[in-house]
Amino acid sequence: MNEVIKQKLENITERSGVYIMKDNSGAVIYVGKAKNLKNRVSQYFHNSQKLPKVQAMVEHIADFEYFITLSEQDAFALENNLIKQHQPFYNILLKDAKTFAYIKINLKEDYPRFEITRKLKNDGAKYFGPYINGISARDIMNLLNLAFPVRKCKEKLGKKRARACLNYSIGLCMAPCMAYINKLDYRKIVDDAIEFLKGNDQNIEKIITTKMQGYAASENFEKALEMRDNLKLIKKLKEKVVANIPKDISFDVFSYVTDGDAGAVCVITLRMGKILGVQDFSITDGSISNSETLQNFIIAYYKNKHLPDEILVNLDMENINEFGDYLQTIFNKRTTIFVPKIAIKSNLITMAEENAREHLFKRVREDKLKFRRTLGALINLKEILNLKTIPKRMECYDISNISGTNKVASMVVFENGEPAKKMYRKFKIKTVEGSNDFASLEETLMRRLQELDKSEDESFSRKPDLIVIDGGKGQLSSTYEVLKKSGHGSIKMISLAKRFEEVYTPNCSVPIMLKRSSEELKLLQRIRDEAHRFAITFHRNLRNKMEYHDPLDEVEGIGKVKKRALYSQFKTLQNIKNASVEELSMVKGINKNDAIKLKQFFTKDQTNE
């Protein structure tokens, strides 16, 4: 514990609020909340035994800040906003959380229709779902359309129409647009469809069976097979029914397990008495308590999702009422959160725990390997290269050309030890004559650093923690001079020589020899090789583009449309060259001025030859 932290711990308040932990570079690495800030924050720095995941985070804490809130519900909201803003490494961030599909119907309309949506709104409409893990919202919609003749079109009703659409002719709609059905009878069809979405599939099974038998009797076997496949889907839905669960209740089951280092959560989604999906997640979180970790996960999980009637959890939560209040504020819906002790709901918790343990067992080694290859390697590089901060953003540059022609450079970016391909950039060398990789690297780095000061480009505007140059001491020395002159000498730079894989640092003639098997060297090799690949690919594409260059592109006023018209008329470039001004002028879209420019261009071209 440093003196800054020690001094702050003596003066920290005992009120509720939110705290943020920072590393020695000032980056936020964790955001948490507490009823009593002094007690909670002090726990991180006590000498008492901590979970390995918490201890790993504490070792990187150099400072902390805190914010007082009026209530714990306010603390939930502020914590969530700060996590979104800073994206801390030790907070749960479900960046890849999917937005699931729902089926929506607005019963306020006179003749409502069903539609698939991924956006949930507080608009008074009914939403059914989510549909995940083998159950497609599109398949459910197909069943609705086959069994219940509800309108499919988006057109506003009330306009006069000459006739009903095709859906009416084939029995898939009752044509409310033509007033062929009144509101009460139409609503009865809609209510039957809603009963199916709630889990009552007996009626729809009879309808589909009757249709299948009718198609078979008329020897329309293709349609009969389609109906058979729909019956299989209904059977699949029946198999997901959980006994003794009321069909008007929807809930999600969350079970969190941890080995003290890694953690996993299993989520079981149950809607209208049916299990719609089972999902497993590997998570990293710096919370002191497991129940707080589970709370953080639940908040992250329900982004872009529909809150169910009940949330079942496997851990007791000390502030469960405040947590429920916070969810109600966010989603405008009250949900009951509890730990079931008996009956089927308790069995579902056990099922989720078993799935989470299995997932943790399978993924823990993969996660640890990934950590060693990425962030673990970066932490080691920080020590080996004597850097002030972990090089979370690394940039590597390489040059590609053939005999000094089509000279290009690549800028490859790794963030947190992994390729960030959206951040890659490429350069055409402009000022260097002939084959001079040193000068090309200098130009590339100079242009990149100039962009750092003024560019609004997402990648160029970000300052790298470490620049890696492909080459030896010579390449490093020349590019380091550019770095110093640019006014960005605080950016760290190294080079990686290919022959013996030596790592050179500025102002030192003795290279660093990393172990061939070390993850640090492998990380540097990956970014070096990726920069080489990206440069060669750009050079090859540029060369191919020049080989297939069309001379018509050089003629002023001749764009894609006019080019297409010329080739459509004359078929080949040679025929266009041989055509007279009058013949060229006869092509649709080519005026006499265009024809004269074309003729002058090809005449000049022949003279130059």
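Keep in mind the model is a prediction, meaning the values are calculated, not measured.
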Distance (rounded to the nearest 0.5 Å) between [X] [atom1] and [Y] [atom2]:
X: Ser518; Y: Leu524; atom1: OG; atom2: CG; value: 8.0 Å
X: Ile320; Y: Ile337; atom1: CD1; atom2: CD1; value: 5.5 Å
X: Gln279; Y: His359; atom1: CD; atom2: NE2; value: 11.0 Å
X: Ile299; Y: Leu327; atom1: CD1; atom2: CG; value: 6.5 Å
X: Met493; Y: Leu483; atom1: CE; atom2: CG; value: 4.5 Å

Closest approach of [X] to [Y] (non-hydrogen atoms, all atoms of both residues):
X: Leu360; Y: Asp259; answer: CD2-N, 3.9 Å
X: Gly17; Y: Thr69; answer: CA-OG1, 3.5 Å
X: Lys333; Y: Pro308; answer: NZ-C, 3.6 Å
X: Ser440; Y: Ile429; answer: O-CD1, 3.8 Å

More than 12 heavy atoms of other residues, nucleotides or ligands under 6.0 Å from [atom1] of [X]: is that the case?
X: His532; atom1: NE2; answer: no
X: Glu10; atom1: CD; answer: yes
X: Lys485; atom1: NZ; answer: no

Are any of the side-chain heavy atoms of [X] and [Y] separated by less than 4.5 Å?
X: Leu385; Y: Leu466; answer: yes
X: Leu294; Y: Met317; answer: yes
X: Phe460; Y: Leu452; answer: no
X: Asp437; Y: Leu441; answer: no

Taking only residues two or more places apart in sequence or in another chain, which ones pass ring-ring contact (aromatic ring centres under 6.0 Å, His included) with [X]?
X: Tyr44; answer: Tyr19
X: Phe323; answer: Phe76
X: Tyr480; answer: none

Check each of Arg526, Lys370, Arg373 against Glu418 using the salt bridge (Lys or Arg N to Asp or Glu O under 4.0 Å) test, and report the only one that passes.
-> Lys370
With Glu501 as reference, evaluate Lys522, Arg528, Lys515 under the salt bridge (Lys or Arg N to Asp or Glu O under 4.0 Å) test and give the passing residue.
-> Arg528
Salt bridge (Lys or Arg N to Asp or Glu O under 4.0 Å) partners of residues 468-484, not counting sequence neighbours, each pair once = Asp470-Lys498, Glu481-Lys484
Sorted by first residue and then second, give each salt bridge (Lys or Arg N to Asp or Glu O under 4.0 Å) pair with at least one member in residues 379-390; sequence neighbours left out.
-> none
Does either side chain, that of [X] or that of [Y], offer a donor lying less than 3.5 Å from an acceptor on the other one?
X: Tyr256; Y: Glu353; answer: no
X: Ser287; Y: Tyr30; answer: yes
X: Thr444; Y: Lys407; answer: no
X: Gln295; Y: Asn319; answer: yes

Test ring-ring contact (aromatic ring centres under 6.0 Å, His included) on Tyr301 and Phe254 and set out the steps.
-> CA-CA 10 Å; Tyr301 177 80; Phe254 293 83; 5.4 Å; yes
Indicate yes or no for a side-chain donor-acceptor contact from [X] to the backbone of [Y] under 3.5 Å, with no hydrogens or angles considered.
X: Ser495; Y: Gly472; answer: yes
X: Arg271; Y: Phe251; answer: yes
X: Asn91; Y: Val31; answer: yes
X: Lys492; Y: Ile467; answer: no
X: Thr335; Y: Asp309; answer: yes

side-chain contact (heavy atoms from CB on, under 4.5 Å), paired with Ile298, selected from Val267, Val265, Thr293, Val313 = Val313
Can you spot which of Leu514, Val468, Leu378, Thr374 makes a side-chain contact (heavy atoms from CB on, under 4.5 Å) with Leu523?
-> Leu378
Passes side chain to side chain donor-acceptor pair (under 3.5 Å), Asn24 versus Thr389? Steps please.
-> CA-CA 7 Å; Asn24 57 9; Thr389 61; over 6 Å; no
Please step through side chain to side chain donor-acceptor pair (under 3.5 Å) for the pair Tyr326 and Asp74, ending with a clear verdict.
-> CA-CA 8 Å; Tyr326 172 70; Asp74 292 335; over 6 Å; no
Quick one: is the NZ or CZ of Lys22 closer than 6.0 Å to the six-membered ring centre of Phe64, and within 45° of its axis?
-> no
Residue pair Glu530, Tyr424: steps toward the side-chain contact (heavy atoms from CB on, under 4.5 Å) verdict = CA-CA 10 Å; Glu530 179 68 352; Tyr424 289 13; 2.9 Å; yes
Show me the donor-acceptor pairs, under 3.5 Å and distance only, between side chains in residues 390-397 and residues at least two apart or in other chains.
{"unit_1": "Arg393", "atom_1": "NE", "unit_2": "Glu395", "atom_2": "OE2", "d": "3.1"}
{"unit_1": "Arg393", "atom_1": "NH1", "unit_2": "Glu415", "atom_2": "OE2", "d": "3.2"}
{"unit_1": "Arg393", "atom_1": "NH2", "unit_2": "Glu395", "atom_2": "OE2", "d": "3.0"}
{"unit_1": "Arg393", "atom_1": "NH2", "unit_2": "Ser459", "atom_2": "O", "d": "3.1"}
{"unit_1": "Arg393", "atom_1": "NH2", "unit_2": "Ser459", "atom_2": "OG", "d": "3.0"}
{"unit_1": "Glu395", "atom_1": "OE1", "unit_2": "Tyr397", "atom_2": "OH", "d": "2.6"}
{"unit_1": "Glu395", "atom_1": "OE1", "unit_2": "Arg448", "atom_2": "NE", "d": "2.9"}
{"unit_1": "Glu395", "atom_1": "OE2", "unit_2": "Arg448", "atom_2": "NH2", "d": "2.8"}
{"unit_1": "Tyr397", "atom_1": "OH", "unit_2": "Arg448", "atom_2": "NE", "d": "3.4"}

